[in-house]
Amino acid sequence: MTFSPNATLMIIAQGLCGAAGAALVPSLVALIAENYSGTQQATALGALGSARAGAGVAAFLIGGVLGTYIGWRPAFGILIALSAAVFILSFRLKPDQGRPDVQIDVVGVVLAAAAVVLISFGFNNLNRWGWDWPDPMRRSTCSDFPRHRF
């Protein structure tokens, strides 16, 4: 994103980062299940959920301040340094042993992804399309439909 020559490529890169972040959640849960047990595991899962929510708020606040005062390219450049630090620290985790008997439900993944995209698309276009609630007190008549001459 830092090296994007235009806004279109930056938005595409941001979308890829979002998809990668969403794909990391199951891996994080598996790592928590492997590295913690009992109350530590419950605490770690709670911290994961609250960290994601807090990070979403912090990203807008910190990104807005950095984007306003130093520009958007350096703000995304900071992400490169943070990503490198997380990558280096990730080697301190013990590896997960994988289970070959567990299969990914590809149809479920595709349907869930399509649902998220379509719901987001619908909410993002509410201002343009309008929010039209049906009026139960209004009677439908033939004049509601356009008349065409053939």
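This structure is a prediction, so every number in the text was calculated from the model and none was measured. Computation of the quantities below employed the complete heavy-atom set of this structure, encompassing side-chain atoms and omitting hydrogens, waters and symmetry-equivalent molecules.
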(message) Test of understanding: clusters of I, L, V, M, F, W, Y form through side-chain heavy atoms closer than 4.5 Å, transitively. Do Ile62 and Leu82 belong to the same one?
(response) yes
(message) Are Tyr36 and Val29 linked, directly or through intermediate hydrophobic residues, by side-chain heavy-atom contacts shorter than 4.5 Å (ILVMFWY only)?
(response) yes
(message) If I take atom CD1 from residue Ile88 and atom OG from residue Ser83, how far apart are they, to the nearest 0.5 angstrom?
(response) 11.0 Å
(message) I need the Leu9 CG to Asn6 CG distance, nearest 0.5 Å.
(response) 4.5 Å
(message) Same cluster or not: Phe91 versus Leu31, using hydrophobic residues (I, L, V, M, F, W, Y) connected whenever any side-chain heavy atoms lie under 4.5 Å apart?
(response) no
(message) Distance check, rounded to the nearest 0.5 Å: Ser50 atom OG versus Leu45 atom CG?
(response) 10.5 Å
(message) In the structure I gave you, are the side-chain heavy atoms of Val106 and Val109 within less than 4.5 Å of one another anywhere?
(response) no
(message) Can you tell me if Leu118 has over 12 outside heavy atoms packed within less than 6.0 Å of its CG?
(response) yes
(message) For the CG atom of Leu61 and the CG atom of Leu66, what is their distance to the nearest 0.5 Å?
(response) 11.0 Å
